[in-house]
Amino acid sequence: DAGITQSPRHKVTETGTPVTLRCHQTENHRYMYWYRQDPGHGLRLIHYSYGVKDTDKGEVSDGYSVSRSKTEDFLLTLESATSSQTSVYFCAISESKGSGNQPQHFGDGTRLSIL
Amino acid sequence: SQKIEQNSEALNIQEGKTATLTCNYTNYSPAYLQWYRQDPGRGPVFLLLIRENEKEKRKERLKVTFDTTLKQSLFHITASQPADSATYLCVGSDGGGGNKLTFGTGTQLKVEL
């Protein structure tokens with residue numbers, strides 16, 4: 001299995017609080033991604049990174065920010081959590097080339113509940 | 001908007017039979033299609049990738065087809081086993097930079113004894 005660790009695995013918090021999710025990889029892959037998975041939807045891309053300090057928005061980026069200060073770590077922050085952000089969040093990585101012929105390798109997710 | 005569509009109803013089959021899952025894409029011409037397996041409480045795991053100029057790809061008991069005329073991919077598991085029970089995701093990529101993928105919602109497969 002690809003070395004991807006997400007933390008925390010579960011979190012319950014209240015509306016309006018800031019939340020940071022962490023993704024750590026040991027594969028030295030250039031590309032890292034944050035997705036959310038909700039019933040009735042396929043995984044949807046929130047943000048991705050193509051290198052240290054290089055990030056870009058995905059399909060559902062509103063209300064989220066990311067940072068990547070080291071190759072191995074990619075942080076997802078909800079500045080002020082809302083109930084609509086209750087979801088399962090997955091981090092993924094892919095190798096350097098970053099084209100569609102590369103599989104992505106996923107962590108086991110963070111289940112986030114916002115009350 | 002571009003869509004990857006999979007049958008949301010679970011597919012139940014008997015052990016030893018061939019399971020066939022369907023993936024259709026609309027408003028979209030993916031250069032690649034990927035298939036992933038997802039177990040409850042786990043992240044997706046990559047299984048197979050097929051390019052638009054390949055008709056068929058095989059790996060052990062798995063076979064994937066890519067029909068650009070029908071805008072469809074079929075995913076087959078032969079000699080299915082209860083351990084094959086999972087949700088299978090069809091995923092498209094246009095091959096652009098960033099390796100951005102479009103995910104289907106997945107089809108749940110249940111293989112019964």
Side-chain angles (χ1 to χ4, degrees), chain A residues 1-7 9-10 21 23 25 27 29-51 54-61 66 87-111, chain B residues 1-10 23-26 28-54 57 59 62 64 66 73 86-108:
Chain A
D1 289 347
I4 308 167
T5 305
Q6 291 187 234
S7 58
R9 292 294 317 277
H10 302 271
L21 307 183
C23 177
Q25 61 145 329
E27 306 296 322
H29 284 358
R30 177 181 173 189
Y31 286 82
M32 298 186 76
Y33 309 82
W34 277 108
Y35 293 91
R36 59 179 291 173
Q37 187 173 39
D38 303 289
H41 293 272
L43 274 83
R44 291 180 290 175
L45 181 66
I46 304 171
H47 283 279
Y48 71 101
S49 170
Y50 47 97
D54 292 322
T55 66
D56 204 353
K57 295 179 180 180
E59 177 188 357
V60 290
S61 59
V66 290
S87 187
V88 181
Y89 291 85
F90 287 99
C91 174
I93 63 174
S94 67
E95 291 192 49
S96 302
K97 197 161 187 185
S99 60
N101 62 351
Q102 297 292 325
Q104 292 187 7
H105 305 284
F106 288 81
D108 281 334
T110 294
R111 186 171 294 274
Chain B
S1 60
Q2 60 194 38
K3 281 188 181 178
I4 297 279
E5 294 170 321
Q6 297 182 257
N7 192 343
S8 59
E9 288 186 19
C23 169
N24 297 295
Y25 54 91
T26 57
Y28 192 28
S29 295
Y32 308 92
L33 287 171
Q34 302 180 18
W35 283 86
Y36 289 75
R37 169 186 173 137
Q38 186 173 21
D39 292 288
R42 305 297 302 273
V45 174
F46 172 76
L47 296 174
L48 278 172
L49 177 149
I50 186 167
R51 294 170 172 74
E52 62 179 338
N53 61 355
E54 295 177 315
K57 197 85 168 276
K59 179 182 176 183
L62 309 180
V64 175
F66 196 161
S73 175
T87 296
Y88 291 87
L89 308 179
C90 177
V91 184
S93 170
D94 59 12
N99 196 13
K100 288 192 274 189
L101 306 179
T102 300
F103 286 78
T105 53
T107 298
Q108 186 178 16

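Protein chains get the first letters and strands the later ones, always in sequence-line order, with residue 1 at the start of each. These numbers come from the heavy atoms of this one structure, side chains and all, not from hydrogens, waters or symmetry mates.
Counting heavy-atom pairs closer than 4.5 Å to chain B, the top residue among A/Arg111, A/Gln37, A/Gln6 is A/Gln37.
Interface remark: B/Leu89 contributes side-chain atoms only to the contact with chain A (heavy atom separation under 4.5 Å). Contacts between B/Gln6 and chain A at a heavy-atom distance below 4.5 Å are absent for every atom of the residue. Only the side chain of A/Arg9 comes within contact range of chain B, with at least one heavy atom under 4.5 Å from a heavy atom of that chain.
Defined by atom type and a distance below 3.5 Å, a donor-acceptor pair is present between the side-chain atoms of A/Ser87 and A/Asp38.
Between A/Tyr50 and A/Tyr48, the ring-plane angle classifies as tilted under the 30° and 60° cut-offs.
When all heavy atoms are compared, the tightest approach of B/Leu47 to B/Tyr36 is CD1-C, 3.9 Å.
Between B/Leu101 and A/Leu43 the shortest side-chain heavy-atom distance does not fall below 4.5 Å.
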